[in-house]
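Accompanying notes for the structure given below.
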Amino acid sequence: MNKADPAPLILAMTGASGSAYGVRLLECLLEQGKTVYLVVSDAAHLVLAMETDWCLPKRAGEATRLLNERYADFPGQVQVFAPQQWMAPIASGSGRWQAMIVCPCTTGTLAAIASGHSDHLIDRAADVSLKEKRLLILVVRETPFSLIHIENMRTLTLAGAVVMPANPGFYHQPQSVSELVDFMVARILDQLHIDHHLLARWGEPGRPPS
Ligand SMILES: Cc1cc2nc3c(=O)[nH]c(=O)nc-3n(C[C@H](O)[C@H](O)[C@H](O)COP(=O)(O)O)c2cc1C
């Protein structure tokens, strides 16, 4: 990914547990001056409402307005698209974006992307990302994984996606859930080559002795 490229990033949130990862990632991207195209699956609306203080309208325009109010320090940086909004720029390879992150990613969306089954905008944008050789990051959350999940992750890794299960480390001695969330978000930002100070790097001050 080209760091200087002003093209937006796509963040898709699907209905896996761990919606805090997606929310925190969105905030970090906005803080770094990125424009974010956000797509939230129907199931993700439910999980977000259960796990966070988000109550996002289903209508894309209303959701965009609400998020731009919520993140008023970053005016106009979030644009929400509905899962069936086929006229969105992310439905086509002629649209411009730097990278796409599905965070969190369900095993259902994983399967849909692995099989090229572009039934809604998230699957379609991921399919386009793969065919256009743009960075696609899948933050999968499930446990345990079945062979089907593992085969789908293998297929997508071979197709060029980065599969990074929501699987935070503990060697930074986290004292809170938000520090665990930040661990994952830091690893995602590293994949995107986006600067952050969410946690010290291995071997740098602030890290517990190895
Ligand atoms: C509270 C809640 C938590 C869920 N957690 C997961 C999960 O961690 N991983 C997963 O693959 N599916 C999970 N699901 C199931 C998915 O939401 C469901 O399979 C849905 O159809 C996925 O659709 P989507 O991929 O379009 O979001 C969860 C559902 C609910 C209601």
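Every number for a ligand or one of its atoms is a count from 1 in the order of the listing.
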For this session: Would you confirm whether Gln77, through its side chain, and Lys34, through its main-chain N or O, come within 3.5 Å as a donor-acceptor pair?
Result: yes
Exercise. Any idea which of Asp42, Asp119, Thr106 brings a heavy atom closest to atom 25 (O) of ligand 1?
Worked result: Thr106
Exercise. So between Ala166, Ala43, Ala44, Ala112, whose heavy atom ends up nearest atom 23 (O) of ligand 1?
Worked result: Ala43
Exercise. Any idea which protein heavy atom is nearest atom 2 (C) of ligand 1, and the distance to it?
Worked result: Val47 CG2, 3.7 Å
Exercise. Of all the atoms in ligand 1, which lie at a distance below 4.0 Å from a heavy atom belonging to Thr14?
Worked result: 25 (O), 27 (O)
Exercise. When you look at CZ of Arg154, are more than 12 heavy atoms from neighbouring residues, nucleotides or ligands closer to it than 6.0 Å?
Worked result: no
Exercise. Among protein heavy atoms, which lies nearest atom 31 (C) of ligand 1, and at what distance?
Worked result: Leu46 CD2, 3.9 Å
Problem set entry | Those atoms of ligand 1 less than 4.0 Å from some heavy atom in Thr109 | 24 (P), 25 (O), 26 (O)
Exercise. For atom 5 (N) of ligand 1, what's the nearest protein heavy atom and its distance?
Worked result: Ser17 N, 3.2 Å
Exercise. Hey, are Asp42 and His120 close enough side-chain-wise for a donor-acceptor pair under 3.5 Å?
Worked result: no
For this session: Measure from NZ or CZ of Arg124 to the centre of the six-membered ring of Trp86 and say whether it is under 6.0 Å with the direction within 45° of the ring axis.
Result: no
Problem set entry | Passing option when Thr14 is tested against Val40, Val47, Val102 for side-chain contact (heavy atoms from CB on, under 4.5 Å) | Val102
Problem set entry | Shortest protein contact, atom 9 (N) of ligand 1 (heavy atom only) | Arg141 O, 2.7 Å
Seminar exercise, completed: the protein heavy atom lying closest to atom 15 (C) of ligand 1 turns out to be Gly15 O, 3.8 Å
Exercise. With a 4.5 Å heavy-atom cut-off, do Leu192 and Leu29 have their side chains touching?
Worked result: yes
For this session: Give me the ring orientation class for Tyr71 and Phe74: parallel if the planes are under 30° apart, tilted from 30 to 60°, perpendicular past 60°.
Result: tilted
For this session: Record the part of Ser41 in heavy-atom contact with ligand 1 below 4.0 Å; permitted values are side chain, backbone, both and neither.
Result: side chain
For this session: With sequence neighbours left out, write down each residue that passes side chain to side chain donor-acceptor pair (under 3.5 Å) with His117, or none if nothing qualifies.
Result: none
Seminar exercise, completed: the protein heavy atom lying closest to atom 11 (O) of ligand 1 turns out to be Thr107 N, 2.8 Å
Exercise. Are any of the protein's heavy atoms under 4.0 angstrom from atom 19 (O) of ligand 1, yes or no?
Worked result: no
Problem set entry | Proximity of Met50 to ligand 1 by residue part, where a heavy atom lies under 4.0 Å | side chain
Exercise. Identify the closest protein heavy atom to atom 10 (C) of ligand 1: which residue and atom is it, and at what distance?
Worked result: Glu142 OE2, 3.5 Å
Exercise. Ring centroid separation for Tyr171 and Phe183, is it under 6.0 angstrom?
Worked result: yes
